[in-house]
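Have a look at the structure below, then the notes.
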Amino acid sequence: MPAASSLPDDVRAALVDGGGLIRAADFDTATRSRSRLHRLERAGALVSVAKGVYVDPAALAASDAWAAYRLRVRGFLTVAAPDSYASDWSSIVLHDLPTIGRPPAVPNVIRPGSRVSGSNTTRHGRTRFAAVPDRWLGDTDGWAVVDPAFAVADIARHSDRLTGLVLADAVAFRKRNREELAAAAADVERWRNGGRAAWPVRRCDTDVESPLESAGRLAFIQGGLPESLSNVWVGDYVPEARLDHYWPDFRVAAEGDGLGKYLKDPAAAIRKEKEREWVLQEMGIRLVRYTWATATLSPDLLAGRVRELLNSASVSGRQLRTWPRDEGLAILGLSSGRPPLR
């Protein structure tokens, strides 16, 4: 596969200007010809991601599956009908929300306002026709998209509970509310399998920060455990430690162990983790740690470990206070860390 350096300078410059995309119609000027792009495609120096839209194959090959899908979504939107909006997973990737599993085979867009439902699929994308209320239509970074709350409700109609909860938690966290998700679920209720969207919306939490925490919560929910507090702060007089999941009446906590915190400086991360566990032990808080594999492949085991601690006598300790996630951060003068939904 040709490297990016094999492309002519003006083509490489056009790719940079287009955020990785070249639209043939925009390249066709008095000094440039779209036929050059066709020749480069035939030579393997460019690859088509939509009709008349090209990317550098080296850049595409270097991208992970979802990053490549995002490029294809942008390419498909570039030449789609003016009233086309990126929908379901295509909306999710453009909003930089969490993804799970493999991306769809092709980008998806919705053309709203039609009383006639149905879809049209080509090798570059799928267009659905559906009556979508205007309040769910918008844009992000100049791309026409359906609102992420509506995208979540749409996806949840056909997804498993883990996927639905991960997405609902992520959108609730960004928006700081569940009301928009509930409204979106109500709007798809009469669609095929629309009733399935209600479950993740009803169970989502505005303070869950990651898919790993969502996976842990799902294990606890399905295990019939009491509802935990998410990312709550604990301490004597000021917030001292934040816990992914906390049952204050039992002084039991659970935390997801992701690899990210160990990558930069493993020794420092482990040292900080041990110091933190000592603080929690001094508070009388008993802790269960889990990984993505445990939460998703052995959820009964994870729920059982927590249940054992909830059913055992709590360790006596000093009086503790709790603070909601954002309140604790504000007291400590820290940012809420909630990325805005554009």
Side-chain angles (χ1 to χ4, degrees), residues 4 7 10-29 32 34 37 46-60 62-99 103-104 106-114 119-120 122-155 167 170-171 173-176 180-181 184 338-342:
L7 291 169
D10 60 336
V11 175
R12 284 191 283 115
L15 281 168
V16 172
D17 291 342
L21 300 172
I22 294 180
R23 185 169 180 256
D26 297 333
F27 196 78
D28 199 9
T29 67
R32 301 186 302 189
R34 71 172 68 188
L37 301 182
L46 288 175
V47 62
S48 173
V49 292
K51 187 176 182 180
V53 182
Y54 303 94
V55 300
D56 174 9
L60 200 63
S63 303
D64 63 35
W66 282 102
Y69 179 71
R70 189 176 191 275
L71 260 180
R72 295 182 184 280
V73 170
R74 292 172 53 225
F76 189 57
L77 280 175
T78 298
V79 292
D83 59 344
S84 300
Y85 293 80
S87 61
D88 50 79
W89 286 108
S90 296
S91 170
I92 295 299
V93 296
L94 291 182
H95 280 291
D96 293 325
L97 286 161
T99 53
V106 294
N108 288 273
V109 300
I110 277 182
R111 293 183 66 183
S114 172
S119 65
N120 174 46
T122 68
R123 68 188 183 96
H124 290 307
R126 175 172 178 252
T127 300
R128 295 162 55 200
F129 303 90
V132 179
D134 288 347
R135 65 178 174 276
W136 302 122
L137 307 177
D139 70 85
T140 181
D141 291 335
W143 300 103
V145 293
V146 300
D147 188 274
F150 189 85
V152 169
D154 194 9
I155 292 170
L167 293 176
V171 172
F173 177 77
R174 295 267 194 106
K175 288 180 175 286
R176 303 191 186 200
E180 290 180 55
L181 284 160
R338 295 182 190 261
L341 278 170
R342 299 179 295 277

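Values in this document were obtained by computation on a predicted structure and should not be read as measured data.
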With a 4.0 Å cut-off on N to O distance, would you call D147 and K175 a salt bridge? yes
Nearest 0.5 Å, please: how far is OG in S63 from OH in Y69? 15.0 Å
Give a yes or no on whether the backbone of V146 and the side-chain of S91 come within a donor-acceptor separation of less than 3.5 Å. yes
Do D154 and R128 come close enough that some side-chain heavy atom pair is under 4.5 Å? yes
Counting only N and O atoms by type, is there a donor-acceptor contact under 3.5 Å from the side chain of R338 to the main-chain atoms of F173? yes
Taking P148 as the fixed residue, which of D96, V171, T140 is the one that meets the side chain to side chain contact (heavy atoms under 4.5 Å, CB included) rule? V171
Side chains of I110 and L137, heavy atoms from C-beta outward: is any pair under 4.5 Å? no
With heavy-atom distances below 4.5 Å as the criterion, would you say the side chains of L71 and V49 are in contact? no
Side-chain contact, heavy-atom cut-off 4.5 Å: W89 with V73? no
Salt-bridge contact R126-D88 (side-chain N to carboxylate O under 4.0 Å): no
Do N120 and R111 have side chains that approach each other closer than 4.5 Å (heavy atoms only, starting at C-beta)? no
Compare all side-chain heavy atoms of V152 with those of L97 and state whether any distance is below 4.5 angstrom. no
Can you tell me how far apart CZ (F76) and OG1 (T127) are? Round to the nearest 0.5 Å. 4.0 Å
